[in-house]
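Down below is the structure, laid out as structure tokens.
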Amino acid sequence: MPQTAISGPEADSPPLAGAAIAVRDLVKVYGRGARAKQALKGVSLEVPRGSFFGLLGPNGAGKSTLINILAGLVRKTSGRAAIWGHDIDSDTRRARAAIGVVPQELNLDPFFTPREALEFQAGLYGVPKAERRTDEILAAVGLSDKAEAYARTLSGGMRRRLLVAKALVHAPPVLVLDEPTAGVDIELRQQLWAYVRQLNAAGTTVVLTTHYLEEAEALCDRIAIINHGSVVASDETPALLARLDRKDVILTLGADLDAPPAVLADLKAELLGPRRLRLHYRPSVTPFATVLARIQSAGLEIADLSTQEADLEDLFLELTRRQG
Ligand code: ADP
Ligand code: MG
């Protein structure tokens, strides 16, 4: 598989100037020779401006590698990437200025206070003193009363919020959070999400990497699933879920069964308890009315009935299983 030059009509034009993030055939190989590890195997992605985008995948999938390439922390092997229309190779400075990354690791200088950390970061990005919003950002992440405390005295959740604050000092249009809720308790998690949602509502494009499926499902309007260095799906969240053509019917029966009815074997009838029966069907093949008729003709006494759509976890397992 060719992994270097880009061919085709996009070869000479900047990739997808209108997207918040555009990635084309991105390849990353760590190490060399027998120990070489291909962490990204030709990833192409597009994050629309203004979206709340989830990059979902298990540990080792390549999420941080992708994020770190965009942030300028890891060198890509080949492929292209642009942030807010700025190519990371030919327009590095503006690409860098357009993105704020909250890294997965809590890498804070223990002897900086939150205020110093933000001022230092603003200096790195060349934000003039008059334009700095240090107090505003500290307040937004709930660290005003810790502004003068050494980072080493902050709790894990506070450090995480300080990292978010650092990523915001240069007011980037794109905010990337790499597994921001790892090690953060539920209350702080809610607080963090409330703030990030607010930023998104005010126009910031947010990219979140996570292996928490519910988190991506609840927050993101679009989701890309990455596994073993390849994107296996990328779509709007509801469309992604709809692609999983599978529904469950759960029946509560009026009488005990000791085995699932043989006549419903093709609906993968499965007993969850003596009076609970689960059926699977594919809505594109079998209309619900047909499933109902089948249930009735099986002579079952129905006390209650509910349907369940597959969730992201099912989709994820299905996509990754299909790939593996
Ligand atoms: P994720 O963030 O999805 O958990 P990573 O991007 O951290 O995945 O890692 C992707 C793959 O690359 C993993 O197999 C990991 O072990 C490997 N990897 C990551 N960083 C390095 C590195 N600095 N050197 C060698 N291999 C690495
Ligand atoms: Mg990671």
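In listed order, ligands and their atoms are each counted from 1.
Listed by number with element, the atoms of ligand 1 under 4.0 angstrom from any heavy atom of P58 are 3 (O). Each of the following atoms of ligand 1 lies closer than 4.0 Å to a heavy atom of A61: 1 (P), 3 (O), 8 (O). Ligand 1 places these atoms under 4.0 Å from at least one heavy atom of N59: 4 (O). Close approach of ligand 1 to S64 is summarised as follows: ligand atoms under 4.0 Å from at least one heavy atom of the residue are 1 (P), 2 (O), 6 (O), 7 (O).
Under the 4.5 Å side-chain heavy-atom criterion for grouping Ile, Leu, Val, Met, Phe, Trp and Tyr, V263 is connected to L257 within one hydrophobic cluster.
No N or O atom of A39 sits closer than 3.5 Å to an N or O atom of ligand 1. Between E179 and ligand 1, a contact under 3.5 Å exists for no N or O pair. Distances between N or O atoms of K63 and those of ligand 1 include at least one value under 3.5 Å.
With salt bridges taken as basic N to acidic carboxylate O contacts below 4.0 Å, none links D178 and K63.
The protein non-hydrogen atom at the shortest distance from atom 19 (C) of ligand 1 is Y30 CE1, 3.4 Å.
Proximity of G60 to ligand 1 is established by a heavy-atom distance of less than 4.0 Å. A heavy-atom separation below 4.0 Å is not found between G31 and ligand 1.
A 4.5 Å side-chain heavy-atom check between I67 and L177 finds every atom pair outside the cut-off.
Remark: side-chain polar atoms of D87 are not paired, donor with acceptor, to backbone N or O of D91 under 3.5 angstrom. Between the side chain of R24 and the backbone N or O of R80 there is no donor-acceptor pair closer than 3.5 Å.
At a cut-off of 2.8 Å, S64 is counted among the residues with an N, O or S atom near the Mg ion (ligand 2).
For atom 10 (C) of ligand 1, a protein heavy-atom neighbour is present inside the 4.0 Å cut-off. Under the 4.0 Å distance rule, the nearest protein heavy atom to atom 16 (O) of ligand 1 falls outside the cut-off.
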